[in-house]
Amino acid sequence: MPVEIERKFRVISDRWRTAVRTRTLLRQGYLANTARASVRVRLAGEAGWLSVKAMTPGRSRAEYEAAVPAQDANEMLGLCEGPVIEKWRHIVEHAGERWQIDEFLGANAGLVIAELELDSEQQSFALPEWLGAEVTDDQRFYNFRLSRQPYSHWPESERNAP
(Lines give C-alpha, C1' and ligand atoms only; values in the text may rest on other atoms or scores of the structure.)
Protein backbone atom coordinates (compact mmCIF):
# COMPACT_ATOMS: atom_id res chain seq x y z
CA MET A 1 0.00 0.00 0.00
CA PRO A 2 1.47 3.39 -0.96
CA VAL A 3 1.85 5.60 2.10
CA GLU A 4 2.44 9.34 2.21
CA ILE A 5 4.30 10.60 5.26
CA GLU A 6 4.28 14.36 5.50
CA ARG A 7 4.67 17.23 7.92
CA LYS A 8 2.87 20.54 7.40
CA PHE A 9 3.73 23.96 8.81
CA ARG A 10 2.43 27.50 8.53
CA VAL A 11 4.85 29.86 6.81
CA ILE A 12 5.57 33.06 8.76
CA SER A 13 7.82 35.06 6.41
CA ASP A 14 8.73 35.47 2.74
CA ARG A 15 12.41 34.53 3.21
CA TRP A 16 11.82 31.24 1.35
CA ARG A 17 11.07 33.08 -1.90
CA THR A 18 14.74 33.60 -2.79
CA ALA A 19 15.27 29.81 -2.77
CA VAL A 20 12.38 28.86 -5.09
CA ARG A 21 13.52 26.36 -7.74
CA THR A 22 10.23 25.93 -9.60
CA ARG A 23 6.59 26.84 -9.27
CA THR A 24 3.45 25.31 -10.72
CA LEU A 25 -0.15 26.45 -10.66
CA LEU A 26 -2.32 23.70 -9.16
CA ARG A 27 -6.10 23.44 -9.48
CA GLN A 28 -7.73 20.70 -7.48
CA GLY A 29 -11.16 19.63 -6.39
CA TYR A 30 -12.87 16.78 -4.61
CA LEU A 31 -15.09 14.32 -6.41
CA ALA A 32 -15.99 12.52 -3.17
CA ASN A 33 -15.31 12.76 0.54
CA THR A 34 -16.25 10.16 3.09
CA ALA A 35 -15.20 9.57 6.67
CA ARG A 36 -12.63 7.10 5.33
CA ALA A 37 -11.21 8.65 2.14
CA SER A 38 -11.25 11.57 -0.29
CA VAL A 39 -11.09 11.37 -4.08
CA ARG A 40 -9.27 14.32 -5.61
CA VAL A 41 -8.66 15.47 -9.16
CA ARG A 42 -5.70 17.78 -9.74
CA LEU A 43 -4.45 19.73 -12.71
CA ALA A 44 -0.78 20.68 -12.27
CA GLY A 45 0.37 22.66 -15.26
CA GLU A 46 -0.12 20.22 -18.15
CA ALA A 47 -0.43 17.10 -15.96
CA GLY A 48 -3.61 15.61 -14.55
CA TRP A 49 -3.95 13.30 -11.54
CA LEU A 50 -6.60 11.36 -9.69
CA SER A 51 -5.83 10.61 -6.05
CA VAL A 52 -7.50 8.62 -3.32
CA LYS A 53 -6.28 9.59 0.13
CA ALA A 54 -7.18 7.91 3.41
CA MET A 55 -8.76 10.26 5.95
CA THR A 56 -6.70 9.09 8.88
CA PRO A 57 -5.23 11.74 11.17
CA GLY A 58 -1.50 12.04 11.66
CA ARG A 59 1.64 12.04 9.58
CA SER A 60 1.10 8.81 7.61
CA ARG A 61 -1.81 8.11 5.29
CA ALA A 62 -2.50 5.72 2.46
CA GLU A 63 -2.49 7.56 -0.87
CA TYR A 64 -3.08 6.18 -4.35
CA GLU A 65 -2.41 8.28 -7.46
CA ALA A 66 -2.95 7.77 -11.17
CA ALA A 67 -2.08 10.08 -14.04
CA VAL A 68 -4.95 11.18 -16.29
CA PRO A 69 -4.90 13.36 -19.42
CA ALA A 70 -4.93 17.08 -18.57
CA GLN A 71 -8.10 17.62 -20.61
CA ASP A 72 -9.89 14.91 -18.61
CA ALA A 73 -8.68 16.40 -15.32
CA ASN A 74 -9.90 19.84 -16.38
CA GLU A 75 -13.33 18.43 -17.27
CA MET A 76 -13.52 16.49 -13.98
CA LEU A 77 -12.86 19.69 -12.04
CA GLY A 78 -16.32 20.75 -13.19
CA LEU A 79 -17.79 17.70 -11.42
CA CYS A 80 -16.26 18.49 -8.04
CA GLU A 81 -18.15 19.27 -4.86
CA GLY A 82 -17.42 22.73 -3.48
CA PRO A 83 -15.11 25.29 -4.98
CA VAL A 84 -11.91 24.29 -6.73
CA ILE A 85 -8.75 25.07 -4.77
CA GLU A 86 -6.12 27.05 -6.64
CA LYS A 87 -2.60 27.51 -5.38
CA TRP A 88 0.93 28.08 -6.50
CA ARG A 89 3.19 25.22 -5.48
CA HIS A 90 6.75 26.41 -5.01
CA ILE A 91 9.62 23.94 -4.64
CA VAL A 92 12.32 25.08 -2.23
CA GLU A 93 15.47 23.22 -1.23
CA HIS A 94 16.59 23.64 2.38
CA ALA A 95 19.36 21.67 4.09
CA GLY A 96 19.11 18.89 1.51
CA GLU A 97 15.32 18.55 1.78
CA ARG A 98 12.72 19.37 -0.88
CA TRP A 99 9.97 21.54 0.62
CA GLN A 100 6.67 22.18 -1.16
CA ILE A 101 5.28 25.60 -0.33
CA ASP A 102 1.64 26.11 -1.23
CA GLU A 103 0.56 29.71 -1.68
CA PHE A 104 -3.22 29.59 -1.85
CA LEU A 105 -5.34 31.79 -4.12
CA GLY A 106 -9.03 32.73 -4.29
CA ALA A 107 -11.05 32.17 -1.12
CA ASN A 108 -7.93 30.73 0.55
CA ALA A 109 -5.65 33.67 -0.36
CA GLY A 110 -3.30 34.66 2.42
CA LEU A 111 -2.69 31.09 3.54
CA VAL A 112 0.81 29.74 2.93
CA ILE A 113 1.67 26.20 4.00
CA ALA A 114 5.00 24.34 3.77
CA GLU A 115 4.97 20.55 3.41
CA LEU A 116 7.78 18.08 3.63
CA GLU A 117 7.35 14.46 2.51
CA LEU A 118 9.40 12.02 4.55
CA ASP A 119 10.63 8.44 4.18
CA SER A 120 9.69 7.59 7.79
CA GLU A 121 7.89 9.21 10.68
CA GLN A 122 11.16 9.22 12.65
CA GLN A 123 13.15 11.04 9.94
CA SER A 124 14.82 14.17 11.26
CA PHE A 125 15.13 17.39 9.27
CA ALA A 126 16.27 20.96 9.71
CA LEU A 127 13.53 23.52 10.36
CA PRO A 128 13.87 26.54 8.10
CA GLU A 129 13.65 29.96 9.77
CA TRP A 130 10.51 30.81 7.79
CA LEU A 131 8.41 28.06 9.38
CA GLY A 132 5.78 28.76 11.98
CA ALA A 133 3.54 26.37 13.87
CA GLU A 134 3.19 22.77 12.78
CA VAL A 135 -0.33 22.01 11.50
CA THR A 136 0.09 18.38 10.45
CA ASP A 137 -2.65 17.22 12.81
CA ASP A 138 -4.96 20.22 12.37
CA GLN A 139 -7.67 19.12 9.94
CA ARG A 140 -8.63 22.73 9.16
CA PHE A 141 -5.50 22.83 6.98
CA TYR A 142 -6.37 19.71 4.96
CA ASN A 143 -7.10 20.77 1.40
CA PHE A 144 -10.46 19.01 1.31
CA ARG A 145 -11.50 21.06 4.39
CA LEU A 146 -10.27 24.27 2.76
CA SER A 147 -12.53 23.50 -0.20
CA ARG A 148 -15.51 23.52 2.17
CA GLN A 149 -14.40 26.05 4.79
CA PRO A 150 -12.05 28.46 2.99
CA TYR A 151 -9.43 30.36 4.94
CA SER A 152 -11.15 33.69 4.22
CA HIS A 153 -14.22 32.44 6.15
CA TRP A 154 -12.25 31.65 9.30
CA PRO A 155 -12.52 34.04 12.25
CA GLU A 156 -9.71 36.60 12.10
CA SER A 157 -8.22 35.29 15.34
CA GLU A 158 -7.70 31.87 13.68
CA ARG A 159 -6.28 33.32 10.46
CA ASN A 160 -3.70 35.37 12.35
CA ALA A 161 -2.62 32.65 14.76
CA PRO A 162 1.05 31.64 14.30
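Quantities reported herein were computed from a predicted structural model and do not represent experimental measurements.
Residues forming a side chain to side chain contact (heavy atoms under 4.5 Å, CB included) with Leu25 (at least two apart in sequence, or on another chain): Trp88, Leu105. Here Glu156 pairs with Arg159, Asn160 under the side chain to side chain contact (heavy atoms under 4.5 Å, CB included) rule; sequence neighbours left out. Taking Thr56 as the reference, nothing meets the side chain to side chain donor-acceptor pair (under 3.5 Å) condition, with sequence neighbours excluded. Among residues two or more places apart in sequence or in another chain, the side chain to side chain donor-acceptor pair (under 3.5 Å) test is passed with His94 by none. In this structure Glu93 satisfies the side chain to side chain contact (heavy atoms under 4.5 Å, CB included) test together with Arg21, Arg98, sequence neighbours excluded. Residues satisfying the salt bridge (charged side-chain N to carboxylate O under 4.0 Å, His left out) criterion with Glu129, sequence neighbours excluded, are Arg15. In this structure Asp14 satisfies the side chain to side chain contact (heavy atoms under 4.5 Å, CB included) test together with Trp16, Arg17, sequence neighbours excluded. Annotation: side chain to side chain donor-acceptor pair (under 3.5 Å) contacts of Ser51 (sequence neighbours excluded): Arg40, Glu65.
Counting only residues at least two apart or in different chains, salt bridge (charged side-chain N to carboxylate O under 4.0 Å, His left out) contacts with residues 134-146 comprise Arg7-Glu134, Asp138-Arg140, Arg140-Glu158. Pairs passing the salt bridge (charged side-chain N to carboxylate O under 4.0 Å, His left out) check and including a residue from residues 67-78, sequence neighbours excluded, do not occur.
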Please report, to 0.1 Å, the donor-acceptor pairs under 3.5 Å made by any side chain of residues 28-37, with sequence neighbours excluded.
unit_1, atom_1, unit_2, atom_2, d
Gln28, OE1, Arg42, NE, 2.8
Gln28, OE1, Arg42, NH2, 2.6
Gln28, NE2, Tyr30, OH, 3.2
Tyr30, OH, Phe144, N, 3.4
Thr34, OG1, Arg36, N, 3.1
Thr34, OG1, Ala37, N, 3.0
Thr34, OG1, Ala37, O, 3.2

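Residues near Leu26 contribute nothing to a hydrophobic cluster around it, because no ILVMFWY side-chain heavy atom sits closer than 4.5 Å to its side chain.
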